[in-house]
Each structure stands twice: as structure tokens, then as C-alpha cells.
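Below you'll find the structure I mean.
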Amino acid sequence: MNILILGHAGSGKSTLVKNFGEYLVANYSVRRVNLDPATRPIFKADADCREFVKTEEVMEKFKLGINGALLKSIEILGKHIHDLILEDDFVLYDTPGQLELFLYTDFGERFSEKLKGNAVAIFLIDSSLCQTPENYLSAVFQSAVVSLRTSIPTLTVFNKTDIKKPLPYSEIERLIEKSEGVLSEAMVNLLPFYNLTSLRYRTIEISAQNGDGFDDLFSAVNEVLCACGDIS
Ligand SMILES: Nc1nc2c(ncn2[C@@H]2O[C@H](COP(=O)(O)OP(=O)(O)OP(=O)(O)O)[C@@H](O)[C@H]2O)c(=O)[nH]1
Ligand SMILES: [Mg+2]
């Protein structure tokens with residue numbers, strides 16, 4: 001079973017791979033894969049893309065700035081996809097900090113295609129960024145984009161809840177309906193997009209740092225991966 005972890009810079013992807021990996025290891029055989037060419041993994045990586053390309057070396061060699069070098073690194077990794085897909089009870093994949101390096105590249109597209117069928121994606125969101133209806137909805141849309149771009153069933157997961165919890169959805173609806181103006185009207189029309197995400201079934205709130213919510217995350221992953229794909 002493959003678990004692909006995506007999210008914005010600093011949302012806690014690597015911490016989740018490390019600590020959720022340790023959680024799973026109590027009962028399963030687990031492997032971890034680093035797909036971030038710019039960062040040395042904080043977990044023991046069973047496959048590491050930095051064996052094939054290191055962004056700091058690409059900057060030097062091709063005289064590129066950081067963004068150009070990241071794109072070049074990902075392009076180079078396109079030749080090594082088969083080295084970076086492992087098999088085990090669970091394989092956790094840590095992706096680059098910049099979400100678009102996976103979502104909007106040939107590498108990401110081909111990688112997702114190879115995982116498809118036996119994979120779940122986790123779109124990790126820093127809960128402190130979901131404190132207003134606008135912010136919450138933008139996270140919802142991005143989660144829908146992740147599932148559309150990867151074609152992998154995607155769980156929307158709120159992280160860092162040891163610091164702050166996201167606003168509850170009922171509160172979002174209430175705040176939007178109470179407010180007035182063009183933005184509010186537009187947002188009411190966008191609310192159904194919520195149903196394109198796993199949030200329609202349940203909100204998964206975790207702390208990748210201290211392990212809160214891992215039982216719930218584990219159940220949701222299994223429910224997605226079971227034949228019925230029903231996470232209700
Ligand atoms: N309080 C708290 N801090 C967290 C949690 N998860 C991650 N962090 C912290 O957030 C920071 C970023 O965590 P990372 O795991 O490196 O996040 P990332 O998404 O891999 O970051 P990039 O790969 O750079 O995009 C680190 O300082 C972590 O210790 C959490 O659940 N709670
Ligand atoms: Mg990371």
C-alpha cells in the first residue's frame with residue numbers, strides 16, 4: 001500500500017513520514033521514500049532521490065537559481081521513477097516542499113500513474129492556515145486539485161492541531177452565510193466543492209509531531225484502500 005504525502009512547504013510532510021512510519025512499524029513492515037531532492041531526509045529513507053540528484057549540486061553544475069535547479073532536479077528524477085517505487089505493507093512517500101514540483105510536472109504525473117490503484121494521497125494542511133472561511137475554502141480547493149491532478153483518492157488532513165485546530169465546517173458555512181458582499185456570494189457558490197474532498201465524510205485532525213489522531217488517519221487510509229473505497 002502506497003501513501004503519497006503532499007502539502008505546502010512546512011506543512012509537516014517529512015515529520016509525518018517519520019512519525020506515522022514509526023506508528024505503523026509497530027504492526028507492519030514499512031518503507032519510507034524521500035522524493036525531495038533539496039533536503040536530506042529526517043527519517044531513515046529506504047530509497048532516497050538524493051542518491052540520483054542533489055539540488056545544491058544542480059545549482060552549481062547548471063548555474064541555476066533555486067527554482068530552476070529544483071525543476072531540473074525533478075526532470076532528472078524522471079529517469080529514476082522505478083528506483084523510487086517500493087513494495088511493502090506500507091510505503092510512505094515524502095514529496096518536495098514546493099507542491100507544484102510534484103503536481104505540475106511530468107515526473108509527478110508519471111509517478112502518480114505508477115502508484116495508482118494501490119495508493120492513497122494525503123494532502124496535509126497546516127491548521128493555522130484554516131482559520132477564516134476564505135483560507136479554509138482555499139485549502140479545500142487545493143485538496144480537490146491534488147486529487148484531480150494525481151487521480152489518486154485523497155484524504156484532506158489537518159496537521160499541527162497541537163497548536164491550533166481548523167475552524168469547523170459548520171462555522172465556515174455560518175460565517176459565509178452571515179456575511180454580505182460579492183466575495184461572500186461567490187463563496188456560497190463554491191461550498192459544494194467541499195463534497196469533492198474527503199472532508200464530506202469526516203475531518204481528520206492530527207499532530208504529526210506528537211501522534212495525535214494517527215489511529216483515525218490509519219482507519220481512513222485503510223477505508224480508502226479497501227475494495228469499497230468508502231471512508232464514510
Ligand atoms: N507543533 C507542531 N509542529 C509540527 C508538526 N508537524 C510538523 N511540525 C513542525 O513544522 C516544521 C516543518 O515540518 P516538516 O516536517 O519539515 O514539514 P515539510 O512539509 O516536510 O517541510 P518542507 O519539506 O520544507 O516543505 C518543523 O519545525 C516541524 O517540527 C505538528 O504536528 N505540530
Ligand atoms: Mg519535508
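Numbering of ligands and ligand atoms starts at 1, following listing order. None of the values given here were measured: they were computed from a predicted structure. We use all heavy atoms of the structure for the numbers below, so side chains are in, but hydrogens, waters and symmetry mates are not.
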Practice problem: Number the atoms of ligand 1 from 1 as they appear, then name those within less than 4.0 Å of a heavy atom of Asn159, with their elements. | Solution: 5 (C), 6 (N), 31 (O)

Quiz item: Under a 4.5 Å cut-off applied to non-hydrogen side-chain atoms, are Val140 and Tyr169 in contact?
Solution: no

Quiz prompt | Shortest protein heavy-atom distance from atom 18 (P) of ligand 1, along with the residue and atom involved | solution = Lys13 N, 3.5 Å

Self-check item: atom 5 (C) of ligand 1: nearest protein contact (heavy atom, Å)
Solution: Lys160 CG, 3.6 Å

Quiz item: Is there an N/O/S atom in Thr39 at a distance below 2.8 Å from the Mg ion (ligand 2)?
Solution: no

Quiz item: Quick check: does any side chain N or O of Ser143 sit under 3.5 Å from a backbone N or O of Ala139, one acting as donor and the other as acceptor?
Solution: no

Exercise. Return yes or no for this condition: an N or O of Thr95 is under 3.5 Å from an N or O of ligand 1.
Key: no

Quiz item: Taking Arg32 for the side chain and Leu92 for the main chain, is one N or O donor matched with an acceptor at less than 3.5 Å?
Solution: no

Exercise. Check whether the ring centres of Tyr136 and Phe158 lie less than 6.0 Å apart, and answer yes or no.
Key: yes

Quiz item: Backbone N or O of Ala69 within a donor-acceptor pair of the Ser73 side chain at under 3.5 Å?
Solution: yes

Self-check item: Under 3.5 Å: N/O of Thr161 near N/O of ligand 1
Solution: no

Quiz item: atom 7 (C) of ligand 1: which protein heavy atom is closest, and how many Å away?
Solution: Thr15 OG1, 3.5 Å

Practice problem: For atom 12 (C) of ligand 1, state which one of Gly7, Gly213, Gly10 supplies the nearest heavy atom. | Solution: Gly10

Self-check item: Those atoms of ligand 1 less than 4.0 Å from some heavy atom in Ser207
Solution: 30 (C), 31 (O), 32 (N)

Exercise. Pick one of side chain, backbone, both or neither for how Leu124 approaches ligand 1, counting any non-hydrogen atom pair under 4.0 Å.
Key: neither

Quiz prompt | Value rounded to 0.5 Å, distance of CD in Glu56 from CZ in Arg40 | solution = 9.0 Å

Quiz item: Counting only heavy atoms on the protein side, is anything nearer than 4.0 Å to atom 26 (C) of ligand 1?
Solution: no

Quiz item: Out of Ser14, Ser127, Ala208, whose heavy atom sits nearest atom 31 (O) of ligand 1?
Solution: Ala208

Quiz item: Is Lys164 reaching over with its side chain to a backbone N or O of Ser127, donor-acceptor style, under 3.5 angstrom?
Solution: no

Practice problem: Starting from atom 3 (N) of ligand 1, find the nearest protein heavy-atom neighbour and note its residue, name and distance. | Solution: Gln209 OE1, 3.2 Å

Self-check item: N or O pair under 3.5 Å between Gly12 and ligand 1
Solution: yes

Quiz item: What atoms in ligand 1 come closer than 4.0 Å to a heavy atom of Ala9?
Solution: 25 (O)

Quiz prompt | pair Asp48-Pro41: side-chain heavy atoms closer than 4.5 Å | solution = yes

Quiz item: Quick one: does ligand 1 sit under 4.0 Å from the side chain of Ile163, the backbone, both or neither, non-hydrogen atoms only?
Solution: side chain

